[in-house]
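Reviewing the structure listed below.
These numbers were taken from a predicted model, which means no experiment stands behind them.
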Amino acid sequence: MKRNIVIAVVTAAALVGGGTATALAVSGDDDRGASVARAENDDRDDRDDRGEDRSDDRGDDRDERAVSGDVTAAEALAAALKHTPGTAVAAELDDGAWEVDVLGDDDGRHSVRVDPGSGKVLGASADDEDDAREVRAALKGSSVTAGEAARAAAGKGVVTSVELDDDDRGWEAETRASGGGERDWRVDLGSGKVTADRDDFDDD
């Protein structure tokens, strides 16, 4: 009914002045076109958001599969060191693969990716981190390696990351329980003793 009234008004205006009626008609078309364009843009934004969500979910799924894979953090560290000799200072599940940081004998830092299902090294690249002196100072006198720290923390759950804390001189490990809960732990560089990360438990 409203549309019929608009057409009638435009028709009447056309009898009085064709130019004005044309302008009104074009204006009406532009408004409807703008509304359609806005609706299409909103739909595209919604699709983009859904696409980003699906991408995030796929990344989480890859890491979940990696956690349940055959290769543990300790084994990934060993594979990385066999490929790139040196001192392992970190290992983390990242985008469906183990990423191991190795401080080479030449003080260069390398990132080695290891398949969590087969233990095969997928590739290695130079890392631009320039903290070799600090890392070696933190490890001086220590007797527990990253691999040993990972094995010690495995008693608390599936280890998803282990890294050296330069400031507190200790290993930090993150585990995931079968129910999906995550916890942070500290592994002593000298004794290998595993204790709960106080900051992590204070947040609960």
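- When all heavy atoms of Val102 and Thr84 are compared, the pair lying nearest together is CG1-O, 3.4 Å.
- When every heavy atom of Val187 is checked against every heavy atom of Ala152, the shortest pair comes out as CG1-CB, 4.5 Å.
- In this structure, Val121 and Arg113 have side chains that are not in contact, with every pair of non-hydrogen atoms separated by 4.5 Å or more.
- Taking CG of Leu93 as the start and CZ of Arg176 as the end, the distance is 7.5 Å to the nearest 0.5 Å.
- Summarising the geometry of Val162 relative to Ala149, their closest heavy-atom pair is CG2-CB, 4.2 Å, with the distance given to 0.1 Å.
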Would Asp197 and Arg183 count as a side-chain contact (heavy atoms from CB on, under 4.5 Å) here? Give the steps. CA-CA 8 Å; Asp197 188 302; Arg183 284 295 189 188; over 6 Å; no

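- Ala124 and Val112 make their closest contact through CB-CG2, 4.1 Å (heavy atoms, listed as atom of the first residue, atom of the second, distance).
- Atom CH2 of Trp98 sits about 6.5 Å away from atom OG1 of Thr160, to the nearest 0.5 Å.
- Remark: the backbone N or O of Val159 is not paired with any side-chain donor or acceptor of Thr175 at under 3.5 angstrom.
- Looking at Glu92 and Glu163, their side chains never come closer than 4.5 Å, going by heavy atoms from C-beta outward.
- Residues Ala91 and Leu77 share a closest heavy-atom pair of CB-CD2, 3.7 Å.
- Under the salt bridge (charged side-chain N to carboxylate O under 4.0 Å, His left out) criterion, Asp165 pairs with Arg186, not counting sequence neighbours.
- Using modelled atom types, one finds no donor on one side chain facing an acceptor on the other under 3.5 Å when comparing Trp185 with Thr195.
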Could you go through Val135 and Leu164, starting from their C-alpha distance and side-chain angles, then the distance that decides it, and tell me whether this counts as side-chain contact (heavy atoms from CB on, under 4.5 Å)? CA-CA 8 Å; Val135 172; Leu164 179 67; 3.8 Å; yes

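- Listed here is the closest heavy atom pair of Gly192 and Val144: N-CG2, 3.6 Å.
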Check against side-chain contact (heavy atoms from CB on, under 4.5 Å), Leu139 and Leu189: CA-CA 8 Å; Leu139 288 173; Leu189 284 174; 4.2 Å; yes

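- The distance from atom CG of Asp101 to atom OG1 of Thr87, rounded to the nearest 0.5 Å, is 12.5 Å.
- A distance of 7.5 Å separates CD in Glu148 from OG in Ser143, rounded to the nearest 0.5 Å.
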Under the side-chain contact (heavy atoms from CB on, under 4.5 Å) rule, what do His110 and Asp127 come out as? Steps first, then yes or no, please. CA-CA 5 Å; His110 309 274; Asp127 200 321; 5.9 Å; no

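- How far CZ of Arg151 is from OG1 of Thr145: 6.0 Å, rounded to the nearest 0.5 Å.
- Atom CG of Asp184 is separated from atom OG of Ser161 by 7.0 Å, given to the nearest 0.5 angstrom.
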